[in-house]
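Read through the structure below, which is laid out as structure tokens, and then see the notes.
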Amino acid sequence: MEVKVYIKGKKEPLIYKGDRIDVLDFKIDNIDYKQIRYFNFKKGISKSEFVQKDIIKKIVEERE
């Protein structure tokens, strides 16, 4: 599974790959974020990243 997050002002998207990917809405100090959690069960990797919601142009999910 792969998720591409297109950011304002950048040509190339942020790319997240994993066996499972969750995109959640999150709010910290009245600022809206998208939390991207991605898991790779084979390698035992689990990571999370916050992207400020107002700089995101679009999010595209691709299944393999």
Side-chain angles (χ1 to χ4, degrees):
M1 175 180 268
E2 182 176 283
V3 170
K4 294 179 181 178
V5 179
Y6 292 87
I7 304 293
K8 293 178 186 175
K10 291 193 176 190
K11 289 185 180 184
E12 297 298 318
L14 300 174
I15 299 173
Y16 301 95
K17 294 182 181 182
D19 298 321
R20 177 180 168 184
I21 301 172
D22 297 326
V23 179
L24 307 166
D25 290 321
F26 205 83
K27 191 173 213 164
I28 302 173
D29 295 330
N30 287 332
I31 300 172
D32 292 322
Y33 294 93
K34 288 287 187 181
Q35 179 184 17
I36 297 110
R37 297 188 309 191
Y38 50 105
F39 307 92
N40 188 325
F41 298 117
K42 297 173 192 165
K43 295 180 182 178
I45 297 171
S46 173
K47 294 186 180 182
S48 180
E49 190 170 314
F50 291 94
V51 180
Q52 201 166 342
K53 199 172 182 179
D54 62 350
I55 66 168
I56 297 173
K57 288 195 289 187
K58 68 178 177 177
I59 297 174
V60 178
E61 179 182 327
E62 296 178 2
R63 295 187 184 264
E64 297 174 353

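- Counting only N and O atoms by type, the side chains of E49 and Y38 include no donor and acceptor under 3.5 Å apart.
- Under the 4.5 Å side-chain heavy-atom criterion for grouping Ile, Leu, Val, Met, Phe, Trp and Tyr, V23 is connected to V5 within one hydrophobic cluster.
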Query raised in the report: Which is it for R37 and L24 under the side-chain contact (heavy atoms from CB on, under 4.5 Å) test, yes or no, and what are the steps along the way?
Result: CA-CA 8 Å; R37 297 188 309 191; L24 307 166; 3.6 Å; yes
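- Other residues, nucleotides and ligands contribute over 12 non-hydrogen atoms within 6.0 Å of the CD atom of E62.
- Taking every heavy atom of both residues into account, F39 and D22 meet most closely at CE1-OD2, 3.6 Å.
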Report task. Carefully, step by step, assess K10 and E12 under the rule salt bridge (charged side-chain N to carboxylate O under 4.0 Å, His left out). Result -> CA-CA 6 Å; K10 291 193 176 190; E12 297 298 318; over 6 Å; no
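- Among all heavy-atom pairs drawn from F41 and R20, the shortest one is CE1-CB, 4.1 Å.
- You'll find the side chain of K4 stays beyond 4.5 Å of the side chain of I59, heavy atoms only.
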**Report entry** Criterion side-chain contact (heavy atoms from CB on, under 4.5 Å) on K58 and V60, from CA distance to verdict
**Finding:** CA-CA 7 Å; K58 68 178 177 177; V60 178; 4.2 Å; yes
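- V51 is not connected to F26 by any chain of hydrophobic side-chain contacts under 4.5 Å among Ile, Leu, Val, Met, Phe, Trp and Tyr, and they are in different clusters.
- Annotation: K57, atom NZ; neighbour count of heavy atoms from other residues, nucleotides and ligands within 6.0 Å is above 12.
- Looking only at distances, no side-chain donor or acceptor of D29 sits under 3.5 Å from a matching main-chain atom of I31.
- Once rounded to the nearest 0.5 Å, the distance linking NZ of K27 with CD of Q35 reads 15.5 Å.
- Closest heavy-atom contact between I56 and K8: O-CE, 4.5 Å.
- Under a hydrophobic clustering in which Ile, Leu, Val, Met, Phe, Trp and Tyr are joined whenever their side-chain heavy atoms come within less than 4.5 Å, directly or via other members, I45 and M1 fall into different clusters.
- In the hydrophobic clustering of ILVMFWY residues, with side-chain heavy atoms under 4.5 Å counting as a link, I36 and Y6 come out apart.
- One hydrophobic cluster, built from ILVMFWY side chains closer than 4.5 Å, holds both V3 and I55.
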